[in-house]
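Please read the structure below before turning to the comments.
We name chains A, B, ... by the order of the sequence lines, and we start the count at 1 in each one.
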2 protein chains.
Amino acid sequence: MLKGHLDMIVLAALTIGPAHGYAIIQEIQRRSAGAFELPEGTVYPVLHRLEKNGLLRSRWTIAESGRKRRTYTLTRQGRQALADHRAVWHRFVDAISGLFGEASGATAWPHR
Amino acid sequence: MLKGHLDMIVLAALTIGPAHGYAIIQEIQRRSAGAFELPEGTVYPVLHRLEKNGLLRSRWTIAESGRKRRTYTLTRQGRQALADHRAVWHRFVDAISGLFGEASGATAWPHR
DNA sequence: GTGCATACCTCGTTACACTAGGCATAACGT
DNA sequence: ACGTTATGCCTAGTGTAACGAGGTATGCAC
């Protein structure tokens, strides 16, 4: 049910800083209050596509435990893409609000 | 880009009263302030599916112009489905807001 | 009578989220 | 020592749903 918005969701999870795939999944789950429990088969292909498109950069890192992880970082392009997605998202929400006859403008959040 | 929410959008357009396909498309466009310009190839199959699932009922009507139109009406099931979709939608918006670190609760609209 | 808006329809493509697997290592319990 | 769970990565195939492209027909204005 997140069709079309998945890229935005994944990019948003990386605004706090670099993270590896598994942690991204958990961060999304945490920040969405459990609403988004994304399966790995959904997230990993997205990460690969985002990196291929230049929105993310990845490198192999070694955790204290000794486990290898692929850590992803937002690129400048990625931040821009997220900002764009976010603007589209807010227009989308406003449009749906209009459909429901709800007041709009509630989504006029300041940029950060 | 409205993937997964199309049923809700079409159902919402019919809350004001019965309408035929072409009018539904224009009503959606009007109420969304031009954000949603749905092609007919998108809407008609949705109407057929919704009727097949019992959320809409249709009948052929004759306009003053003499033109034949298929007029759709929300069923009780349809109203319920719309209410459900709407609740899911608001949870969805809250979840995305959480992802962005925005304040939530902005979508706690009263039922109408 | 030509063009445009209205009004309906279907078929095929495509994009994409997800299911269902597979592989490997660390931590923990017994 | 051994099994189980959690961690961590990956891909191939599937199903669905929105959409593009096309087809048909009528009323109206010029």
Side-chain angles (χ1 to χ4, degrees), chain A residues 1-11 13-14 18-30 32 35-53 55-56 58-72 81 85 88 92 95-96, chain B residues 1-11 13-14 18-30 32 35-53 55-56 58-72 81 85 88-89 92 95-96 99:
Chain A
M1 305 182 175
L2 0 101
K3 310 205 180 190
H5 308 293
L6 230 195
D7 289 10
M8 176 180 71
I9 290 170
V10 170
L11 290 173
L14 281 167
H20 61 285
Y22 206 80
I24 290 173
I25 291 174
Q26 293 177 325
E27 176 68 9
I28 290 173
Q29 188 174 348
R30 191 187 65 77
S32 70
F36 299 148
E37 298 188 29
L38 306 187
E40 304 174 16
T42 293
V43 174
Y44 286 116
V46 171
L47 291 171
H48 299 161
R49 194 181 66 241
L50 291 175
E51 180 170 25
K52 185 182 156 206
N53 294 344
L55 308 188
L56 297 181
S58 79
R59 61 180 197 282
W60 283 101
T61 55
I62 311 288
E64 312 84 36
S65 59
R67 300 178 70 91
K68 285 197 295 184
R69 297 162 168 173
R70 187 180 286 278
T71 299
Y72 290 90
H85 272 296
V88 170
F92 184 69
I96 299 281
Chain B
M1 303 181 178
L2 2 100
K3 317 205 178 187
H5 309 292
L6 229 196
D7 288 10
M8 176 179 72
I9 290 170
V10 171
L11 290 173
L14 282 166
H20 61 284
Y22 206 80
I24 291 173
I25 291 174
Q26 293 177 325
E27 175 69 9
I28 290 172
Q29 188 173 349
R30 192 187 65 76
S32 68
F36 299 147
E37 298 187 30
L38 306 187
E40 304 175 16
T42 293
V43 174
Y44 286 116
V46 170
L47 291 171
H48 299 161
R49 193 181 66 241
L50 291 175
E51 180 170 25
K52 185 182 157 207
N53 294 343
L55 308 188
L56 296 180
S58 80
R59 62 182 198 279
W60 282 100
T61 56
I62 312 289
E64 312 83 38
S65 59
R67 299 178 71 90
K68 284 198 295 182
R69 298 164 167 171
R70 186 182 286 279
T71 298
Y72 290 91
H85 272 295
V88 170
W89 164 253
F92 185 69
I96 299 282
L99 254 298

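Across B/Leu14 and B/Tyr72, no two heavy atoms sit closer than the pair CD2-O, 3.6 Å.
Minimum atom distance to the side chain of A/His20 is reached by D/dC9, of the listed C/dC9, C/dT19, D/dC9. When the nucleotides D/dA18, D/dC10, C/dA7 are ranked by their closest atom to the side chain of B/Glu40, C/dA7 comes out on top. Checked against C/dC8, D/dA17, D/dA18, the side chain of B/Leu6 finds its nearest nucleotide in D/dA18.
Each of B/Ile25, B/Leu6, B/Val10 was evaluated against B/Thr42; a single residue qualifies, B/Leu6, per the side-chain contact (heavy atoms from CB on, under 4.5 Å) test.
Distance, B/Asp7 CG to D/dA18 P: 6 Å, rounded to whole Å. Summarising the geometry, the separation between CZ on B/Phe36 and C1' on D/dC19 is reported as 15 Å, rounded to the nearest angstrom. Straight-line distance from the CD atom of B/Gln29 to the P atom of C/dA7: 14 Å, rounded to whole Å. Atom C1' of nucleotide C/dA7 and atom CD of B/Glu27 are separated by 17 Å, given to the nearest angstrom. For the pair A/Arg70 CZ and D/dT7 P, the computed distance is 20 Å after rounding to whole Å. As rounded to whole Å, 8 Å separates atom C1' of D/dG15 from atom NZ of A/Lys3. With rounding to whole Å, A/Tyr72 atom OH is found 14 Å from D/dG8 atom P. Summarising the geometry, the separation between NE2 on A/His5 and C1' on C/dA15 is reported as 14 Å, rounded to the nearest angstrom.
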Protein and nucleotides 23-27 of chain C: nitrogen or oxygen contacts under 3.5 angstrom:
{"from": "C/dT25", "atom 1": "O2", "to": "A/Arg67", "atom 2": "NH1", "distance (Å)": "2.6"}
{"from": "C/dT25", "atom 1": "O2", "to": "A/Arg67", "atom 2": "NH2", "distance (Å)": "3.3"}
{"from": "C/dA26", "atom 1": "O4'", "to": "A/Arg67", "atom 2": "NH1", "distance (Å)": "2.9"}

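A close approach under 4.0 Å does occur between a side-chain nitrogen or oxygen of B/Arg69 and OP1 or OP2 of C/dA7. Contact between the side-chain N/O atoms of B/Tyr44 and the OP1/OP2 oxygens of C/dC9 is not found at any separation under 4.0 Å. OP1 and OP2 of C/dA17 both lie 4.0 Å or more from every side-chain N or O belonging to A/Thr42.
Residue-to-nucleotide proximity on DNA chain C shows that, of B/Pro45 and A/Leu38, the 5′-proximal contact is made by B/Pro45. Residue A/Lys68 is the one, among A/His48 and A/Lys68, whose nearest nucleotide of DNA chain D lies closer to the 5' end (criterion: closest heavy atom).
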Show the atom names and distances, to 0.1 Å, of all donor-acceptor pairs under 3.5 Å that link a side chain in residues 46-53 of chain A to residues at least two apart or in another chain.
{"from": "A/His48", "atom 1": "ND1", "to": "A/Tyr44", "atom 2": "O", "distance (Å)": "3.4"}
{"from": "A/Arg49", "atom 1": "NH2", "to": "A/Asp7", "atom 2": "OD1", "distance (Å)": "2.4"}
{"from": "A/Arg49", "atom 1": "NH2", "to": "A/Asp7", "atom 2": "OD2", "distance (Å)": "3.1"}
{"from": "A/Glu51", "atom 1": "OE1", "to": "A/Ser58", "atom 2": "OG", "distance (Å)": "3.2"}
{"from": "A/Glu51", "atom 1": "OE2", "to": "A/Ser58", "atom 2": "N", "distance (Å)": "3.1"}
{"from": "A/Glu51", "atom 1": "OE2", "to": "A/Ser58", "atom 2": "OG", "distance (Å)": "2.8"}
{"from": "A/Asn53", "atom 1": "ND2", "to": "A/Arg49", "atom 2": "O", "distance (Å)": "3.4"}

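Taking the centre of each ring, B/Trp89 and A/Phe92 come in below the 6.0 Å mark.
Contacts of B/Arg67 classified as salt bridge (charged side-chain N to carboxylate O under 4.0 Å, His left out), with partners at least two apart in sequence or in another chain: none.
Looking at B/Arg70 and B/His20, their side chains never come closer than 4.5 Å, going by heavy atoms from C-beta outward. Proximity of A/Met8 to A/Val88: side-chain heavy atoms (C-beta onward) are nowhere separated by under 4.5 Å.
A/Gly21 comes within 4.0 angstrom of the backbone, heavy atoms only, and of no base.
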